[in-house]
Amino acid sequence: AKEAGRNAVRFYLPSMNERAVERLALVDAMRHAMSYSEFELYYQPQIALATGEVIGMEALLRWRHPQMGMLRPDRFISLAEETGLIVPLGTWVLRAACAQAAAWHRSGLGELRIAVNLSSRQFNDASLPRLIESVLLETGLPATSLEIELTESLMMENVDAAIATMRELKAMGVQLSIDDFGTGYSSLSYLKRFPVDVLKIDQSFVRDIENDTNSTAMVAAIISLSHDLGLRVIAEGVETEAQLAYLRSRGCDEVQGYLFSRPVPAREFEQMLRDSRLA
Ligand code: C2E
Ligand code: CA
Ligand code: CA
Ligand code: CA
């Protein structure tokens with residue numbers, strides 16, 4: 001205080017400083033979280049509309065922060081990307097998700113498919129195909145049971161490199177899907193060049209099915225586009241019976257959303273599956 005008093009003019013920018021300090025603290029806590037296993041995967045079921053059966057699940061990352069409670073990825077993923085922490089974290093996610101899916105296969109819950117989100121850093125890492133190969137070998141999960149979710153913007157960063165990586169993954173039998181489809185900037189001509197298996201209709205279109213004719217038209221167009229290209233199509237963020245009915249009427253293949261289940265911890269997911277099979 002004495003030091004500060006000597007300066008006649010001082011600029012104190014609390015919001016900037018506080019934000020910087022908060023970021024640093026979070027980065028620090030993230031390093032700590034890696035070694036103290038505060039990260040956890042939640043699972044959200046994906047349902048085939050034709051049969052009503054759960055055919056797979058998306059792994060969604062959670063951080064059980066000792067003071068701040070359960071944090072969703074929008075609180076920390078971009079920071080993890082900026083600091084490079086996303087690489088070890090993403091490797092952990094991949095390994096944990098594949099190990100869990102393989103364990104569910106072995107316990108007789110069916111050949112469930114596991115969808116894993118990748119960040120740009122991971123996807124652009126030249127060693128990604130080798131990493132995935134070794135994780136599959138280690139966990140015993142068949143490559144065809146792994147689906148990698150990529151966003152359009154991630155794929156558009158370097159189109160030729162992306163296509164090369166995608167081809168390598170496809171050659172191994174790994175499934176590829178475009179997440180948040182319809183929100184990015186890729187054109188239809190690129191879509192033809194990307195060797196993907198699945199389009200995931202972004203939840204913003206699904207949400208507006210009942211009250212925005214543009215969104216409804218988008219959903220219908222994405223479903224028929226997918227089928228014309230020989231791709232599967234999943235709608236995410238399905239919350240109401242009306243949305244479900246519309247998706248069904250348009251021949252959407254799979255659905256995911258709160259109408260069926262929120263993302264839940266592994267044990268709860270397993271219980272849910274066992275209960276539904278017994279019923
Ligand atoms: P996303 O891949 O688009 O995942 C869907 C998000 O929508 C998830 O949010 C999910 O919990 C939420 N959701 C699912 N069903 C519904 C619904 O019916 N209504 C509504 N309103 N929301 C629904 P979450 O879990 O907070 O994840 C946010 C984003 O964080 C994900 O968006 C994904 O981009 C990213 N993310 C999650 N896990 C990972 C990960 O392991 N690695 C990377 N790189 N990113 C991840
Ligand atoms: Ca996703
Ligand atoms: Ca999505
Ligand atoms: Ca999203």
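We count ligands from 1, going down the list as the structure has it; atoms in each ligand are counted the same way. As the structure is a computational prediction, the values presented were derived from the model and not from experiment. No hydrogens, no waters, no symmetry mates; every other heavy atom, side chains included, goes into these values.
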- Message: My understanding is that we take every heavy atom of each candidate and find the minimum distance to atom 35 (C) of ligand 1. Doing that for Ala59, Pro73, Ala96, which one comes out nearest?
- Response: Pro73

- Item | Glu81 N/O under 3.5 Å from ligand 1 N/O | no

- Message: Check this for me - ligand 1, Arg72, N or O atoms closer than 3.5 angstrom, yes or no?
- Response: yes

- Are Arg267 and Glu270 close enough, and set up right, to give a salt bridge (Lys or Arg N to Asp or Glu O under 4.0 Å), and what steps lead you there? CA-CA 5 Å; Arg267 210 179 301 151; Glu270 185 171 337; over 6 Å; no

- Message: Strictly distance-based, threshold 3.5 Å: is any side-chain N or O of Gln243 a donor or acceptor partner for the main-chain N or O of Thr240?
- Response: yes

- Task: Under 4.0 Å from a heavy atom of Gly257: give me the atoms of ligand 1 that qualify, with their elements.
- Result: 15 (N), 18 (O)

- Contact partition for Arg262 relative to ligand 1, non-hydrogen atoms under 4.0 Å: neither

- Look at atom CZ of Arg130 and say whether more than 12 heavy atoms of other residues, nucleotides or ligands are closer to it than 6.0 Å. yes

- What are the atoms of ligand 1, with element, lying closer than 4.0 Å to any heavy atom of Gln44? 14 (C), 15 (N)

- Apply side-chain contact (heavy atoms from CB on, under 4.5 Å) to Leu154 and Asp179, showing your working. CA-CA 10 Å; Leu154 177 157; Asp179 203 356; over 6 Å; no

- Query: Is a side-chain donor or acceptor of Gln175 paired with a backbone partner of Ser145 at a separation under 3.5 angstrom?
  - Reply: no

- Message: Considering Asp202, Val255, Asp179 one by one, which has a heavy atom nearer to atom 2 (O) of ligand 1 than any of the others?
- Response: Asp179

- Task: Check Glu58 against ligand 1 and report side chain, backbone, both or neither, counting heavy atoms closer than 4.0 Å.
- Result: side chain

- Glu254 and Gln46: CA distance, side-chain angles, deciding distance, side-chain hydrogen bond (donor to acceptor under 3.5 Å, both in side chains) verdict: CA-CA 7 Å; Glu254 292 165 28; Gln46 300 180 323; 5.6 Å; no

- Query: Which one of Leu94, Asn117, Leu89 has a non-hydrogen atom at the shortest distance from atom 40 (C) of ligand 1?
  - Reply: Asn117

- Would you give the length of the straight line joining atom CG of Leu150 to atom CG of Leu176, rounded to the nearest 0.5 angstrom? 6.0 Å

- Item | Region of Val93 that comes within reach of ligand 1 [heavy atoms, distance under 4.0 Å] | side chain

- Task: Check the angle between the aromatic planes of Trp63 and Phe76 and answer parallel, tilted or perpendicular using the 30° and 60° thresholds.
- Result: perpendicular

- Item | ligand 1 contact by Gly237, heavy-atom criterion under 4.0 angstrom | yes

- Would Val238 and Val264 show up in the same hydrophobic cluster when neighbours are defined by side-chain heavy atoms closer than 4.5 Å? yes

- Check each heavy atom of Ser119 against ligand 1 and say whether those closer than 4.0 Å belong to the side chain, the backbone, both or neither. both

- Message: Measuring from atom 38 (N) of ligand 1, which candidate in Leu61, Val116, Asp74 has the nearest non-hydrogen atom?
- Response: Leu61

- Give the contacting part of Gln203 toward ligand 1: side chain, backbone, both or neither, where contact means a heavy-atom distance below 4.0 Å. side chain

- Query: Is the Lys NZ or Arg CZ of Arg193 less than 6.0 Å from the centre of Tyr190's six-membered ring, within 45° of the axis?
  - Reply: no

- Atom of Asp180 nearest the Ca ion (ligand 3) (restricted to N/O/S, atom name only): OD1

- Query: Should one rank Val238, Leu41, Leu60 by closest heavy-atom distance to atom 31 (C) of ligand 1, which comes out on top?
  - Reply: Leu60

- Could you name the option among Tyr42, Phe123, Tyr258 that has the heavy atom nearest to atom 18 (O) of ligand 1? Tyr258

- Task: List the steps and the verdict of side-chain contact (heavy atoms from CB on, under 4.5 Å) for Phe260 and Leu244.
- Result: CA-CA 10 Å; Phe260 305 94; Leu244 179 65; 3.8 Å; yes

- Message: Apply salt bridge (Lys or Arg N to Asp or Glu O under 4.0 Å) to residues Glu58 and Lys200 and explain how you reach the verdict.
- Response: CA-CA 12 Å; Glu58 179 173 6; Lys200 246 184 134 170; 2.8 Å; yes

- Query: In degrees, rounded to 10 degrees, what angle do Asn117 atom OD1 and Glu58 atom OE2 make at the Ca ion (ligand 2)?
  - Reply: 90°

- Item | For Pro263, the ligand 1 atoms whose distance to one of its heavy atoms is below 4.0 Å | 11 (O)

- Item | For Glu239, atoms of ligand 1 separated by under 4.0 Å from a heavy atom | 17 (C), 18 (O), 19 (N), 20 (C), 21 (N)

- Message: Here's a test for you: under side chain to side chain contact (heavy atoms under 4.5 Å, CB included), which of Leu60, Ile114, Leu112 qualifies with Tyr43?
- Response: Ile114

- Query: Which of these, Arg62, Arg207, Arg75, Glu236, has its nearest heavy atom closest to atom 5 (C) of ligand 1?
  - Reply: Glu236

- Main-chain N/O of Leu49 paired to Arg248 side chain as donor or acceptor, under 3.5 Å: yes

- Item | Ligand-side contact atoms (ligand 1) for residue partner Asp180, heavy atom cut-off under 4.0 Å | 3 (O)

- In this structure, the Ca ion (ligand 2) sits at the vertex of an angle between OD2 of Asp179 and OE1 of Glu149 that rounds to 10° as 90°

- Query: From Glu236, does some N, O or S atom reach closer than 3.0 Å to the Ca ion (ligand 3)?
  - Reply: yes

